[in-house]
Each structure stands twice: as C-alpha cells, then as structure tokens.
Amino acid sequence: MAQNARSRKADKVVERMGRKLTRQMVGSLVGCVHCGMCTDSCHYVLANPDDPTYAPAHKADQIRKIFKRNFDWTGRIFPWWVHAEDIRTDADLEKLKDIVFGKCTNCRRCSLNCPMGVDFATLNRMARGALVSVGIMPEGVAIVSKDQWEVGNQMGVLPQDYLETLEWLSDELENEFKDPAARIPIDKMDAEIVYAINPREVKYDPRTISDAARIFYIAGENWTMPSEGWDMTNFGLFSGDDELGAAVAQRVYDRVIKLRGKKLVLSECGHGYRSTRCEGPNWSGKAVPFVIESSVLTMLRYIKEGWIRVDKTKNKEVVTFHDSCNNARSCGFYEEPRELLNLLVPDFREMYPNCAENFCCTGGGGAMSMSEYTPQRLKSAKIKADQLTATEAKTVVTSCHNCVDGLSDVIRHYKLGMKVTQLVNLAANAMMIPEKVVVPVEVPIPAVALPLAGFKILVVDDEPDILTFLAAVLEDQGATVIQAVDGEQALALTVREKPDLVTLDLSMPGRNGGYVFEEIRNNPEITSTRVCIITGKPELRRLIYERPVAPPEGYLDKPVNEDTLLTSVRMILELKHPHGNA
Amino acid sequence: MSESLRFVSDDLQLMAMSFMALVYILRIRWLLKFKASRDRQAPSENRDASSFKGIVYSWANIAMPWSMESTRRMSFFYIQFVVFHLTMAANIGMSIVIPYAPGLIRPMIVVRLLQILFAAACAIGCYRMFRRLSNPAMRLISTPDDYFSLALLTVWSFVSIFAAPNRPDLGEGLLMVYFIMTAFFLVYVPFSKISHYLYYPFTRFYFGRTMGYRGVYPLKRVTQPKPTNR
C-alpha cells in the first residue's frame, strides 16, 4: 500500500491536504490543461528563462501530482498516464518546501493569466499550510509564526517597546504642535477610528506612525491605537496556517470590539489589508461587526471632504506607484491609491504593467523572512528592477510595508538610486497646517548639537564594508565610534571603553555574536550595556532571544539603511531630543 | 449504408455518449462533494464590485482576449485556440448530423467549410505537438495524457476531412474509422484533460465570484501610451 510506504510526516501532509481541499481548489487541481499560458506571467520564469522548473504549471504540478495520486480516480488508476505521484519521504517534503516557499511569492499573477481560472496561488498556500502543520518550513517562517503566536505580533515587539515608542512619538507630536492634546490616544473607548499598524513601523519606521498621527490630529479625528491586538499583519497568510490566520485576525477584531470602536483603519500594508479586511472573516468563520478600511481611503476622504488640505507642490519628486499584489490582485484596491497619489504629487508616472497586472515586488509571500532563498529572489527581481527603471522616477510610492522592504532590496541590489516611500508620508508632507496649530517659528539656534554627540558606540562586524558604513553613519551624527572585527576584540573593548551601545553582528569567525552578547549580559561590570543585534541571518534571532539573559535592546536585519539604523539607535538610547535633553 | 456503418454511426455513438454523460455526472457529483468556501468579508468599498459581475466577466474571459495579458501577448496562440476549439465543436456536431440530419451538410459549401476547419485544426494540432515537444517548459509539464489527447484530436481532425463529404457510396472505410474514433474520443474524454470544458464553468465561477466581490474583476489597467514620432 502506498500509504504504508510514507513517512509519518508525509502521511500527515496528505491527510491535512485532504482536509484543506475546497471545491475551488479541486477545480484548480483538475482544471489545468498544461497550455503554458501562465508561464510568462511569472517573474521567476522571466528572470530565469533557462530554468523551466519555475513555470507556474510545473510548480502547481508538484502539488497536483499528490492530489491526483491520493484523491482523484484518474491518478489512482493510471498514475503514470497523468503524472500522479505520491509524496513518501521527508526528503520529498523538503523538496516541496523549496518549491512552494522558495519559488513562488503567491503573487497570483499566473492565476489572473490562466484561461481556465486555475488559482495556483491558493493551491500554493494550501500546500504551504500542509507542510507547516508538520513543521516543514523555512527557519524564518517558523520564527515569525512563533512570534505572532506567542508575542502577539510578527516581529516580536514587546508590549513595553510598543508603548514606549508611541510615548516618544506622542512627545514629539506634542512638541511639534505645542499642544498637549496632540498625542497618540491609547485604548480610548468609543473612538471613531481604531488604528492598527504593521510592527515594522514600530521597529524600523516609526515615521509612518507619527505621520499618520499628524494627519489624524490635523483632521481632528476621534481616534485611538490599541495597546494590544495592534498588529494587523498576519503571517498565517504567508505560511498557509489558517489557524494562525484566524487567531491573529480575531485578536485585532476582539480589541476593536472591546474598545467599542466604530471603524478599524489599517495602515498601509498589502498583506495586512488582505488578511484583516478580506481573509480574516473567512479564516475565523464569522463576519466582522464593524467597518474595516485602509488608511488610504481614510486619507482620501479627509482630503475630499476638506478635513485636511494638501499642497501637492510640497512633494516635488517625480514618483511612480507600485501596486502591492495583495492590495491590487487579491482585493481590487488599486484605483483609490492612484486617486490619492494624484492629489499629493504633481508628477506621477505610471509603471507598466500596473494595477492588478503589476509584477510582485519580489519580497511578497513572506519571502523577506526566508533568507535561504534570497539569491533566487534577487535574481528574479530583475523584472521589477527593469520596470522601475523604465519609469525614470526617482521615488517609488507603494501602499505596503512589505513592498517597501522588497523594493528597497531590489533598488539596493540593482543600484537603481531610487527611494521608496508610502502615501502616508507624502500626505503628511503635503498637508497644510491650519492657523490654529501653526507652530511659531523659533529663533534658529546658531550651533545645534549633533543628536548622538557624547555617546560612545562600539560597532562589531567582521565585514569591513559594513563596519565602515555603520561607523560613518554614527560618526556623522556626532557619536564617538569604536570598531571591533571579532568577538574577542568586542568583549575586550566593551569592558575597557564602557560604550553606551554595542551594535553586534551575530555571524563572525571565532567567538560569534551570540557568545559575545551572553558574555556582556553575564559580566556584572558591563551587563547594562545596551546592545543592538544587526544580522543578515534572521534565523539566528531565536538563538539570541532564547538565551537565559535579558534580551537585546534592539534588533535589525541586514541590509540596514541609514534611516533605519539611526531610528533604532535613537530609540535604544531613548533620545527624545538631542543628547543632553533626553 | 451497411449495417456495420449504421451501427458505428448510431448505436455505438449513443452508447459512447451515454457512457460519457454517466462519467460526467459522477465527476460533477464528486466535485460537488468538496465544500465551497465563502466570502464572509464585507463587500468591497468599490461600489461597482459585485459577485455577479465577476462571474459573468470570468466566464466571458475566454472570449475577451484583451482581458488577460497572456492572451494579449500571445494573440497567434489565442487565434489557434479559437479555431481549434470551434473545430472540435463542429466535429462533434458533424458526428451527430451525419446519422440524424445528413441533409444539413449536403451543400458543397458546407462540406468545404468543414474541411477547411478540420485541416486548420489538424495543422494547429501538429504545431501544438511541436511546441509541446520543443519548448522545455512545455515538455516538463506535459503528461502522456497531454500528448495522447492532442494526438487523438489531431488525427481525428485529419480523418474528419475525408468524412465530411459523407459519401458511403464511395467507400465506407473512412466513415467507419471516423465514427469509431469519435466513439473512442467520447469514451476517453472523461478520463483525460479534454474534459477541461466540464470544469471550466466551475473554476471560472468560483474565481470570478471572489474576484468580482472584491472588485478585482472586471480588470482595469492603465495602458501604456504609444510612443509618438515627434
């Protein structure tokens, strides 16, 4: 019997697959005629013309053959005739993992180009879910899923870090408008809007939170942010784990209900929008009793109804717009961002193809957290790079945090010299501050102290280029920077120099960063030294957080850019104001 | 007409068709056993979005080559698709017309038109076989059923060229071959990829329903302006 020859995990995968099959999926599994029309719609295929294994139909066949062998009579009776094949060993499962996670971003472009309506992205997600249910998944997916299950958000942001970030952003807002009411309300009952965000904003891009807060403040909105259930992203969408998807979405819904919020507004995040707005009710099996909308719609309404006024000439750059796959192809959300963008910039140039036909940023489907597939991801990004270049724009706007990271990687890798921004940033920049909240212009201070002046920072990395980059960025802000190229040197310098902060690479020859970190924490003389881990291997993060010592104060994934680094350093050093006023 | 030809053109066809219908019913019953997922989310903010529109658009998709990038870019392939599928429908029609209403294909113009169609389908079949064998991606995804189904339809089209005049008085051999092939085709179809037309309404219905509800269908896009010669 075929079933007896299977490994236990393979047996479970087939069983789970059987339970996950819906009529739509079965239609997609039996409906493919192998016409090849989908082939050229995939960016992986276009960037790898000599490798036919990237063809969507071939990738789908790796799932289809298991289905046919186990659930379809043609495959049971004549397996060789229709290429039906069982999955038997754990090695087979690993091979399938590399296809469903490493060779597809679930962007759904092939689905839209299939004459039969075969929805490969849905099949791929189902297969991911079946594999995840037996623990077969990329390390990064396991880490992020664990964080979302246990900590409540996919980046492991601790509650105090989240609240402290909102606190210092509120301080900045209050300071900017010289108005004690200009703060981010937390857990306010009966607010019109409950605003949920992507944890990436807390960790790497708090500017987007403060920009949104400025817009809500100027609009005079009755809004709040929840202290829990604030992460509207959902790794269940990427991992195919419907239970995680349902739990995460429900966590957000429950909080809105508890706060008696009228509307849940989601910050700009493609997969977050799709998960929370569209798929969440399907995963959790019940409808949501309040309105959910993207912040793009909220901003558009504010402008159209005169809640805020904008001056588009304040955004001078030539911009193009990248449609997130989840927004455009899975939620039909592509006209509103364009309408808003046209109100915010004077020179908007379309990217071709666009809307639901746009190409993936190549970082979708959780690809950014799967470092083992980075080389093939970046190779396939050539298509996106060419698309971006053709626009001749200097700035690419997107309405998705995941796309911000994906596009930033593409731009860096292909040296396109572009920058990525979001609509909220453009809206905040273009917003005209009404008279009543205009801040009086202060007399300029002749000599402004550099923000990091007086701080001593030890940067540790075995790669000279990165060391030079980190040192230069921090020195430019006034910090005194000491450098170490290995673990031993780092420990010695930490003891001798007592730096305010150590930025620590994890993967180094000799004593690695994990060892150094634990030594710092265990040495009473330097145990309170603040540490920011900077690593190119997100899968090593677990090793740090599972150590029996206090966690590091910060954590950054490589490649790290100047803004992200400075934001994190500033947060870690608790710099609300230039040094001396903190 | 001999008794043998009468049998293969009539009784045998009815048996084959009944068998095909029976298997199709079982197949649809099997498909409907799987639970259909629902869209529980609130309707799209797009006021034009509707499941109904999405379904209609999705079903009509195949007749709108401009609606998909794949058919826009592969227009030659799309034309082949149209000719090939129309010919298959005409061929099945002919297999019914010959025994039951032969007068319909008596005019020479009709015979010639059918022969042109069958010859075109035969040529397209040969080209598609070449494409399937020569293109590495196509070769990789092709199953024995894909090759056999295509070969079967190509040969059937070829034989149909000679069956179209419906002249048993000039020799029954080719008509016998044509009807036996037709019967075999009808019996084989439910087990092969040729039965895709049975699934098309289902896959397209569900895909269109979701995409319509979410406002993705009907697709909209901003087209690239053509370069001017200034």
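Quick note: numbers below take in every heavy atom, side chains included, and nothing from hydrogens, waters or symmetry partners. A note on names: the letters A, B, ... follow the listed sequences, proteins ahead of strands, and every chain is numbered from 1.
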Non-hydrogen atoms of chain A under 4.5 Å away: do they reach the side chain of [X], the backbone, both or neither?
| X | answer |
| --- | --- |
| B/P65 | neither |
| B/F207 | side chain |
| B/R139 | neither |
| B/S142 | backbone |
| B/R38 | backbone |
| B/L32 | both |
| B/K220 | both |
| B/S67 | backbone |
| B/P201 | neither |
| B/T71 | both |
| B/N135 | neither |
| B/R209 | side chain |
| B/L219 | both |
| B/F81 | neither |

With a 4.5 Å limit on heavy-atom distance, are the side chains of [X] and [Y] in contact?
| X | Y | answer |
| --- | --- | --- |
| B/P144 | A/H83 | yes |
| B/Y200 | A/M116 | yes |
| A/Y352 | B/P225 | yes |
| B/R214 | A/R274 | yes |
| B/M68 | A/P115 | yes |
| B/Y217 | A/L112 | yes |
| A/V33 | B/Y197 | no |

Out of curiosity, [X] [atom1] to [Y] [atom2], how far, rounded to the nearest 0.5 Å?
| X | Y | atom1 | atom2 | value |
| --- | --- | --- | --- | --- |
| B/Q41 | A/T276 | CD | OG1 | 12.0 Å |
| A/K65 | B/T143 | NZ | OG1 | 13.0 Å |
| B/R132 | A/C35 | CZ | SG | 8.0 Å |
| B/E45 | A/L300 | CD | CG | 11.0 Å |
| B/L140 | A/Y54 | CG | OH | 13.0 Å |
| A/D323 | B/R221 | CG | CZ | 13.5 Å |

Which word best sums up how the rings of B/F191 and A/W73 line up, parallel for under 30°, tilted for 30 to 60°, or perpendicular for over 60°?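 Judged by the thresholds at 30° and 60°, the geometry between B/F191 and A/W73 is tilted.
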Name the orientation class of the two ring planes belonging to B/W30 and A/F67 (parallel below 30°, tilted from 30 to 60°, perpendicular beyond 60°).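 Aromatic pair B/W30/A/F67 classed tilted.
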Counting only heavy atoms closer than 4.5 Å, note whether [X] contacts chain B via side chain, backbone, both or neither.
| X | result |
| --- | --- |
| A/A328 | backbone |
| A/I77 | neither |
| A/C114 | backbone |
| A/R329 | backbone |
| A/R64 | neither |
| A/T122 | neither |
| A/F71 | backbone |
| A/S111 | both |
| A/V30 | both |
| A/E335 | side chain |

Which of residues 16-23 of chain A get closer than 4.5 angstrom to chain B, counting heavy atoms alone?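 Those residues of residues 16-23 of chain A which have a heavy atom under 4.5 Å from chain B are A/L21, A/T22, A/R23.
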Quick check on [X]: does its [atom1] atom have over 12 non-hydrogen neighbours (other residues, nucleotides or ligands) under 6.0 Å away?
| X | atom1 | value |
| --- | --- | --- |
| A/E392 | CD | no |
| B/Y188 | OH | yes |
| A/R338 | CZ | yes |
| A/K262 | NZ | yes |

Is the backbone N or O of B/V222 less than 3.5 Å from a side-chain atom of A/N354, with the two atoms forming a donor-acceptor pair by type?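 Yes; judged by distance alone, with no hydrogens or angles, the pair exists.
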Looking at A/E357 and B/R72, is there a salt bridge between them, counting it only when a charged N and a carboxylate O are closer than 4.0 Å?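 Salt bridge present between B/R72 and A/E357.
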Is it true that A/S41 and B/E69 share a donor-acceptor pair across their side chains at a distance under 3.5 Å?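 No, no side-chain donor-acceptor pair sits under 3.5 Å.
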Only pairs of heavy atoms separated by less than 4.5 Å count here; which of A/D119, A/N282, A/V45 has the most with chain B?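 When all of A/D119, A/N282, A/V45 are compared, A/N282 has the most.
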